[in-house]
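What follows is one structure encoded as structure tokens, with my remarks underneath.
Lettering of chains follows the sequences in order, A, B, ..., and the numbering in each one begins at 1.
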Amino acid sequence: MPELPEVETTKRGILHNLQSKTVSKVIIRQTRLRWPVPEHLPETLSQQSIKTIQRRGKYLLFEFPHGHLISHLGMSGSFRVLPADTPIKKHEHIDLIFQDNLCLRYHDPRRFGCLLWTDQPIEQHKLIAVLGVEPLEADLTGEYLYQKSRAKRVAVKNFIMDSHIVVGVGNIYANEALFLANIHPTIPAQKVSLEQYEQLVKHIKQVLTTAIQQGGTTLRDFTNTDGQAGYFQQILHVYGKAGKPCSCGQAQIEKIVIGQRASYFCPACQPI
DNA sequence: AAAAGGACCTGGTGGC
DNA sequence: TGCCACCAGGTCCTTT
């Protein structure tokens, strides 16, 4: 489920509850996530405390004194902070247990997520070093996307979802931002104009910012909800709305598949 | 070098 | 009710 807003909300929730707390114990019930969970994690993390947590794209980077715990939620991962004696439910694979009877519990039915450890500088890690710009930072501009796309024939939707170009734009928000920028999702990236990329960037930033603000409203419940973020309740214009009338009143939302992902657009608002 | 497709998993839904 | 095909918010890796 997680798109960038949920990852950001998760980061804030964990930090709020666990910053500077010391790990007393780590319990691994399932090592088979996207990559095997390192077996040395209990010894490595024990008696270390969380200095801070950064978000890079959809990765959560827990900084400890001796290195970083790298986590990605994949399609179905979530973290919750719970009392350490809370009974285990299905798919709750990992516990980091802290002082004060607090437990950071990782839940992931599909197991596409990961928990990894590195003691090298985090920006040099294989998964992190290759990432593109942050969507909410100043280095994502229309000009940047325009320059990066000049030799790219892939659909613009795939282009903006490529984490080597820009991180954190998932399927929902790619669809929504393209709609708001009036850009048809299948147009080859190299055919999109500078002006269109400027509009697109404006809407990517806007839609993610709004969603994070909404996700923030669930933050106070971080310890006792099951991680359902508020961002999904926001008003979506096209995502999941195939066959429904567009707000423009001129056409119905269409669904097509691009790069094996469901894509939604309004044929009136987003001309080829 | 770029693009396309496969791979990794489980759970929910809708059709028959 | 049961069975089955299909779909899902991600992204790395291999093949073309």
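In this model, a side-chain donor or acceptor of A:Arg110 finds a partner on the base of B:dC9 within 3.5 Å.
As rounded to whole Å, 16 Å separates atom C1' of C:dT11 from atom CD1 of A:Ile160. If you take CD of A:Gln190 and C1' of B:dA1, they are 14 Å apart, rounded to a whole angstrom. Between A:Arg261 atom CZ and B:dG5 atom P the separation is 15 Å, expressed in whole Å. With rounding to whole Å, A:Met161 atom CE is found 15 Å from B:dG5 atom C1'. Spacing between atom OH of A:Tyr173 and atom C1' of C:dT11 amounts to 19 Å, rounded to whole angstrom units. Residue A:Asp162 contributes atom CG, which lies 13 Å from atom C1' of B:dA1 at whole-angstrom precision. The interatomic distance linking A:His91 (NE2) with B:dC9 (P) rounds to 13 Å, in whole Å. One interatomic measurement links the two molecules: CD1 of A:Ile70 to P of C:dG10, which rounds to 20 Å at whole-angstrom precision.
Set against C:dG9, B:dG11, C:dA8, the side chain of A:Lys90 has B:dG11 as its closest nucleotide. The listed nucleotides are C:dA8, B:dC9, C:dG10; the one nearest the side chain of A:Tyr264 is C:dA8. Listed candidates were B:dT10, C:dG10, C:dA8. Nearest to the side chain of A:His72 is C:dG10.
A salt bridge links A:Glu8 to A:Arg12: at least one charged side-chain nitrogen sits closer than 4.0 Å to a carboxylate oxygen.
No aromatic stack links A:Phe112 and the base of C:dT11, using centre distance under 5.5 Å and interplanar angle under 30°.
A donor-acceptor pair under 3.5 Å links the side-chain atoms of A:Gln270 to the main chain of A:Cys266, judged by distance alone. Judged purely by atom type and a 3.5 angstrom limit, A:Asp162 uses its side chain to pair as donor or acceptor with the backbone of A:His164. A donor-acceptor distance shorter than 3.5 angstrom exists from the side chain of A:Lys205 to the backbone of A:Leu140, with no hydrogens or angles considered.
If you check every strand for non-hydrogen atoms under 4.0 Å, A:Tyr59 touches sugar and phosphate atoms only.
Looking at which nucleotide of DNA chain C each of A:Ala262 and A:Val130 is closest to, the 5′-most match is held by A:Ala262.
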Check residues 109-121 of chain A and write down every donor-acceptor pair under 3.5 Å in which the side-chain atom is one partner and the other belongs to a residue at least two apart or another chain.
{"residue": "A:Arg111", "atom": "NH1", "partner": "A:Arg32", "partner atom": "O", "Å": "3.0"}
{"residue": "A:Thr118", "atom": "OG1", "partner": "A:Gln120", "partner atom": "N", "Å": "3.2"}

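Spacing between C:dT14 and B:dC9 at atom P, rounded to whole Å, works out to 16 Å.
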Could you pull out the protein-nucleic contacts involving nucleotides 13-16 of chain C (nitrogen or oxygen on both sides, under 3.5 Å)?
{"residue": "C:dC13", "atom": "OP1", "partner": "A:Lys126", "partner atom": "NZ", "Å": "3.2"}

Kindly give the atom pairs (protein nitrogen or oxygen, nucleotide nitrogen or oxygen) under 3.5 Å for nucleotides 2-4 of chain B.
{"residue": "B:dA3", "atom": "OP1", "partner": "A:Arg153", "partner atom": "N", "Å": "2.4"}
{"residue": "B:dA3", "atom": "OP1", "partner": "A:Val154", "partner atom": "N", "Å": "3.3"}

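With A:Tyr264 as the partner, the ring pair (Phe, Tyr, Trp, His ring centres under 6.0 Å) test is satisfied by one option alone out of A:Tyr173, A:Phe179, A:Tyr239: A:Tyr239.
Here the CG atom belonging to A:Asp95 is positioned 10.5 Å from the CD1 atom belonging to A:Ile28, to the nearest 0.5 angstrom.
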Practice task
Any chance you could lay out the side chain to side chain donor-acceptor pair (under 3.5 Å) test for A:Glu195 and A:Gln199, step after step, and finish with the verdict?
Solution key: CA-CA 6 Å; A:Glu195 292 71 24; A:Gln199 282 302 302; over 6 Å; no
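Not counting sequence neighbours, A:Phe159 has no partner by the ring-ring contact (aromatic ring centres under 6.0 Å, His included) test. Every residue two or more places apart in sequence or in another chain that forms a side chain to side chain contact (heavy atoms under 4.5 Å, CB included) with A:Ile256 is listed here: A:Thr186, A:Ile258, A:Ser263, A:Phe265.
Relative orientation of the A:Tyr197 and A:Tyr146 rings is perpendicular, given thresholds of 30° and 60° on the angle between their planes.
Relative to the six-membered ring of A:Tyr59, A:Arg55 misses at least one condition, a distance below 6.0 Å or an angle of at most 45° to the axis.
Note on A:His164: a side-chain N or O is less than 4.0 Å away from OP1 or OP2 of C:dC12.
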Practice task
Return one dot-bracket line describing DNA chain C 5' to 3' (Watson-Crick or G-U wobble pairs, both distances under 3.5 Å; ( ) same strand, [ ] crossing, | another strand, . none).
Solution key: .|||||||.|||||||
